[in-house]
Amino acid sequence: MVFECPRGVRDFGPERMGVRRHVEDSIGKVFSSFGYRQVGTPTFEFVELFEAKSGPEIMQHLYVFEDKGGRRLCLRPEATASVARMYASELRSLPKPLRLSYSGPMFRYEEPQKGRYREFWQAGVELFGAKGPQADSEAITLVFTCLEQLGLRFRLRISHIGVLRTLLSAQGFDEAGTDKIIQLLDKGDMKSVREKVKDSSFMKLMELSGSADVIKEAASIVAEEKVKELLSELSEVLALLDSAGVGYEVDFGMARGLDYYTGIVFDARAEGLGAQDQICGGGRYDDLVELFGGPATPAVGFAFGIDRIIEAMTGQGVEAPGRVTDVYVASASEAVRPQAFRIAVQLRKSNSALTIDHDISGRRLNRALQHASEQKARFAVIVGERELAKDSVVLKDMASQKQEEVRIKDLAERLA
Ligand code: AMP
């Protein structure tokens with residue numbers, strides 16, 4: 001009997017997992033270089049955590065179940081709510097701004113297709129206790145730096161939910177009505193937005209996109225003082241991004257469906273992914289921590305979709321180094337196998353960054369070397385009786401096929 005995975009979830013063999021590790025590690029290193037420290041949150045939570053503010057898009061795709069104690073739980077569809085909950089209950093007294101990151105599987109009961117899975121991976125950050133252009137531009141620069149580092153071609157779009165909310169409220173829409181319109185915008189359903197919002201300046205604004213210059217145009221379209229203030233804040237963010245060489249496009253017609261966003265929002269789209277091309281989404285959410293019982297705390301964050309980033313890399317032909325074997329230790333005869341074993345153990349001890357494979361299948365030397373080249377080993381260390389008598393081994397460069405005798409005590413240094 002052959003078992004298959006449930007729909008929408010996947011196995012990852014060693015090759016694919018190697019690429020995933022590379023992407024996660026590369027993003028994790030950039031997060032850490034910006035001072036973000038990783039936190040962990042549970043994979044299942046109380047349903048209420050998401051009912052509070054995540055919006056219908058998330059709620060209708062939730063994996064809900066009852067545990068044996070009759071509690072209503074769900075698999076987490078995203079991590080921002082969990083990290084905000086943890087901040088409100090445990091981390092609120094830590095010095096601010098507090099920079100946190102996370103990475104792990106998320107679950108949404110969606111119709112599986114290319115780039116859309118029921119279990120998928122996100123890596124993201126949340127920056128608590130800082131507001132204003134400096135904090136917003138840091139988050140956006142972080143997105144840009146991570147994707148640039150991976151070698152991807154992408155477009156970064158920036159909008160401002162605060163601007164949309166203020167305008168819609170001036171039009172007489174209550175919070176629920178405003179949320180609905182923002183969700184329609186997120187889906188790109190302009191026709192329904194036009195039917196609901198009759199105001200022509202709002203629609204004009206929705207069609208504005210381009211460089212920082214469009215802010216002036218936007219300010220000339222809207223009359224509300226509050227909006228003008230938000231726009232001037234936005235232009236400060238854009239000036240900081242320009243000075244850091246971060247490429248972006250302002251697009252007022254872009255909105256994010258999650259109800260908790262209050263200010264700047266942004267996303268990144270990768271070339272060549274088709275319909276599911278959004279590889280990152282985020283924004284400012286200044287009310288969520290308070291909603292979870294914490295003190296009023298401004299916050300901004302985003303999440304990368306790891307699966308889509310990997311698909312985009314493949315589609316764009318970006319090299320992702322899979323796992324390689326650095327050194328393959330082979331024995332020239334049966335008699336030296338114990339010494340070969342010892343040399344492999346010592347090498348791993350002296351340099352834990354190296355991947356050291358050691359022949360444990362009793363292969364003859366030529367077979368072992370063939371295996372080394374299948375493993376794409378950079379070097380083979382050949383342990384033979386004649387060299388051992390001189391406390392040496394043969395080091396073979398697998399690409400050039402050149403070999404030389406190296407003293408065992410110098411081997412680790414030679415391979416560093
Ligand atoms: P969101 O939490 O909806 O803002 O999503 C953030 C990112 O996660 C998106 O930009 C996608 O790259 C990724 N993502 C969301 N849903 C899925 C899914 N069902 N399958 C794969 N990736 C997803």
Side-chain angles (χ1 to χ4, degrees), residues 4-12 20 24 38-92 100-113 115-126 128 161 175-176 179-180 182-183 186-187 255-262 265 267 276 278-283 285-294 297 299-308:
E4 285 178 5
C5 283
R7 218 161 113 71
V9 301
R10 294 150 297 159
D11 288 326
F12 303 105
R20 296 179 76 81
E24 283 175 1
Q38 192 161 16
V39 291
T41 59
T43 25
F44 57 87
E45 295 269 9
F46 288 116
V47 174
E48 293 83 51
L49 185 76
F50 302 99
E51 270 169 346
K53 209 74 186 135
S54 293
E57 184 58 26
I58 289 267
M59 287 312 294
Q60 73 192 17
H61 295 132
L62 220 51
Y63 267 98
V64 181
F65 61 98
E66 203 171 275
D67 74 0
K68 289 185 177 158
R71 300 169 193 92
R72 263 179 84 231
L73 303 172
C74 68
L75 296 180
R76 64 176 179 197
E78 52 119 17
T80 299
S82 304
V83 179
R85 171 189 53 68
M86 172 165 55
Y87 177 84
S89 59
E90 284 175 49
L91 308 177
R92 59 206 278 179
L100 304 176
S101 69
Y102 61 83
S103 161
M106 309 295 156
F107 308 86
R108 293 184 196 173
Y109 193 80
E110 295 185 282
E111 204 39 51
Q113 52 182 280
R116 192 178 285 283
Y117 307 98
R118 290 184 173 171
E119 182 187 32
F120 60 97
W121 272 255
Q122 286 187 341
V125 305
E126 314 296 348
F128 292 107
I161 290 279
E175 201 180 318
D179 287 347
K180 181 83 199 122
I182 288 173
Q183 283 145 25
D186 185 31
K187 288 204 182 99
R256 310 249 324 118
L258 295 166
D259 284 356
Y260 51 65
Y261 289 121
T262 53
V265 287
D267 73 5
Q276 309 302 328
Q278 197 202 73
I279 53 173
C280 175
Y285 56 95
D286 286 346
D287 301 336
L288 200 58
V289 172
E290 209 174 351
L291 194 81
F292 291 160
T297 307
V300 61
F302 64 80
F304 284 119
I306 299 293
D307 310 83
R308 291 188 195 169

Mark yes when over 12 heavy atoms from residues, nucleotides or ligands other than [X] sit less than 6.0 Å from its [atom1]; otherwise mark no.
| X | atom1 | value |
| --- | --- | --- |
| E175 | CD | no |
| Y109 | OH | no |
| D11 | CG | no |

| Among all residues two or more places apart in sequence or in another chain, which pass the ring-ring contact (aromatic ring centres under 6.0 Å, His included) test with F46? |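 ring-ring contact (aromatic ring centres under 6.0 Å, His included) list for F46, sorted by chain: empty.
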
| message | Determine whether D307 and R20 satisfy the following criterion, salt bridge (Lys or Arg N to Asp or Glu O under 4.0 Å), listing intermediate values before the conclusion. | response | CA-CA 8 Å; D307 310 83; R20 296 179 76 81; 3.1 Å; yes

So which atom in [X] and which in [Y] form the shortest heavy-atom distance, rounded to 0.1 Å?
| X | Y | value |
| --- | --- | --- |
| R116 | E111 | CD-O, 3.5 Å |
| Y117 | G8 | CB-O, 3.5 Å |
| A79 | Y102 | CB-CE1, 3.4 Å |
| C5 | R10 | SG-C, 4.4 Å |
| S82 | E45 | OG-OE2, 2.8 Å |
| A255 | D186 | O-OD1, 2.9 Å |

| Is P42 close to R76 at the side-chain level, that is, under 4.5 Å between some pair of heavy atoms? |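 No - every pair of side-chain heavy atoms lies 4.5 Å or more apart.
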
| field | Residue pair S103 / Q38, side-chain heavy-atom distance below 4.5 Å | value |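 Answer yes - side chains close enough.
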
| field | Stepwise side chain to side chain contact (heavy atoms under 4.5 Å, CB included) check, R256 with I182 | value | CA-CA 7 Å; R256 310 249 324 118; I182 288 173; over 6 Å; no

Using 0.5 Å steps for rounding, measure from the [atom1] atom of [X] to the [atom2] atom of [Y].
| X | Y | atom1 | atom2 | answer |
| --- | --- | --- | --- | --- |
| L100 | T80 | CG | OG1 | 11.0 Å |
| F128 | L288 | CZ | CG | 8.0 Å |
| H61 | R118 | NE2 | CZ | 9.5 Å |
| C74 | F65 | SG | CZ | 7.5 Å |
| M106 | T43 | CE | OG1 | 9.5 Å |
| F107 | Y63 | CZ | OH | 9.0 Å |

| said: Test your reading of the model: is there a side-chain donor-acceptor pair from D286 to the backbone of A299, 3.5 Å cut-off? | reply: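 Yes, because the side chain of D286 sits within donor-acceptor range (under 3.5 Å) of the backbone of A299.
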
| Below 6.0 angstrom between ring centroids: does that apply to F304 and F302? |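 Yes, ring centres under 6.0 Å apart.
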
| said: One pair to check against side chain to side chain contact (heavy atoms under 4.5 Å, CB included): T297 and R92. What are the steps and the verdict? | reply: CA-CA 9 Å; T297 307; R92 59 206 278 179; over 6 Å; no

| field | Salt bridge E110-R7, side-chain N to carboxylate O under 4.0 Å | value |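 No, this pair does not count.
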
| What class does the angle between the rings of W121 and F12 fall in, given that below 30° is parallel, 30 to 60° is tilted and above 60° is perpendicular? |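 W121 vs F12 ring planes: perpendicular.
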
| task | Tell me, with the steps shown, if R308 and F120 meet side chain to side chain contact (heavy atoms under 4.5 Å, CB included). | result | CA-CA 9 Å; R308 291 188 195 169; F120 60 97; over 6 Å; no

| message | Could you go through E51 and R72, starting from their C-alpha distance and side-chain angles, then the distance that decides it, and tell me whether this counts as side chain to side chain contact (heavy atoms under 4.5 Å, CB included)? | response | CA-CA 12 Å; E51 270 169 346; R72 263 179 84 231; 3.2 Å; yes

